[in-house]
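Computed from a prediction, not measured in an experiment: that's the story for all the values here.
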Amino acid sequence: MRTDLRVKHDIDARKKAAELFGKGRGFESVAKELSIPRNTVRKWQQIWKAFGSEALLSMDGKQARYTYGQKVAAARAVVEDGMSKSDAMARYGIMSLAPLEKWCRAYREGGAEALRPKPKGRPRGSGAAARPLTREQQLERRVQQLEAEVAYLKKLRSLAGRGRI
């Protein structure tokens, strides 16, 4: 059986954590009992509070995609309206705290426009087309090509004269 390396902790550990959260235990005591890093268990607790046990148990390591509208609404709710991050996660369906914090930071710095999707791939050239070569430049390039051909043929002829070809 092949294991998914994107998910560091198995479903049994997350199931046990969900049970302990349900009993009112905090992330620090759960982390200590399960011997899992505190930050990991803190994230699990946020997901558990926002979405419940099913979401915590169905985590598969794949990164979720969010629309521009979700990003702006969630960031605006946290930054301007003072909503808690866990409440914003629950309301807007955000499965992780990290992207929400990133969106809030960008929203504070540049507003809603900072959350617009960026173009993918390599940027296009400077926009200016290459200038056509002058007649003199064309002739110079042709001379260089012919000189290279002559040098190649001379080398070939000298090797043929020595019997190496």
Where [X] and [Y] come nearest, the two heavy atoms and their spacing:
X	Y	value
Ala74	Ala88	O-CB, 4.5 Å
Trp44	Ala13	CZ3-O, 4.0 Å
Pro117	Tyr68	CD-CD1, 4.3 Å
Val78	Ser84	CG2-O, 4.4 Å
Ala114	Ala106	CB-O, 3.4 Å

Rounded at 0.5 Å granularity, tell me how far [atom1] in [X] sits from [atom2] in [Y].
X	Y	atom1	atom2	answer
Gln137	Arg135	CD	CZ	12.0 Å
Ile47	Met89	CD1	CE	5.5 Å
Lys71	Leu100	NZ	CG	12.0 Å
Lys32	Arg25	NZ	CZ	10.5 Å
Ile36	Arg14	CD1	CZ	9.5 Å
Leu34	Ser29	CG	OG	9.0 Å

Fill in: Criterion side chain to side chain contact (heavy atoms under 4.5 Å, CB included) on Tyr152 and Glu147, from CA distance to verdict
CA-CA 9 Å; Tyr152 176 78; Glu147 286 175 345; over 6 Å; no
Item to complete: Please identify each residue that fulfils ring pair (Phe, Tyr, Trp, His ring centres under 6.0 Å) with Phe21, with sequence neighbours left out.
Response: Trp48
Discussion item. Among residues at least two apart in sequence or on other chains, which ones pass ring pair (Phe, Tyr, Trp, His ring centres under 6.0 Å) with Phe27?
Written reply: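 For Phe27 there are no ring pair (Phe, Tyr, Trp, His ring centres under 6.0 Å) partners, ignoring immediate neighbours.
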Kindly indicate whether the side chain of [X], heavy atoms from C-beta on, has any atom under 4.5 Å from the side chain of [Y].
X	Y	value
Val72	Trp103	no
Lys16	Asp12	no
Val30	Gln45	no
Leu97	Lys43	no

Discussion item. For Thr67, give me all partners under side-chain contact (heavy atoms from CB on, under 4.5 Å), at least two apart in sequence or on another chain.
Written reply: Gln70
Item to complete: Only counting residues at least two apart or in another chain, list the ones meeting side-chain contact (heavy atoms from CB on, under 4.5 Å) with Glu28.
Response: Arg38
Worksheet item: In this structure, are over 12 heavy atoms from other groups packed under 6.0 Å from Lys120 atom NZ?
Response: no
Fill in: salt bridge (charged side-chain N to carboxylate O under 4.0 Å, His left out) contacts touching residues 90-112 (sequence neighbours left out)
Lys85-Glu101
Worksheet item: Which residues satisfy the side chain to side chain donor-acceptor pair (under 3.5 Å) test with Glu80, sequence neighbours excluded?
Response: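 By the side chain to side chain donor-acceptor pair (under 3.5 Å) rule, Glu80 matches Tyr107.
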Discussion item. Check whether Tyr92 reaches the backbone of Ala77 with its side chain - one donor and one acceptor, N or O, closer than 3.5 Å.
Written reply: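 Absent.
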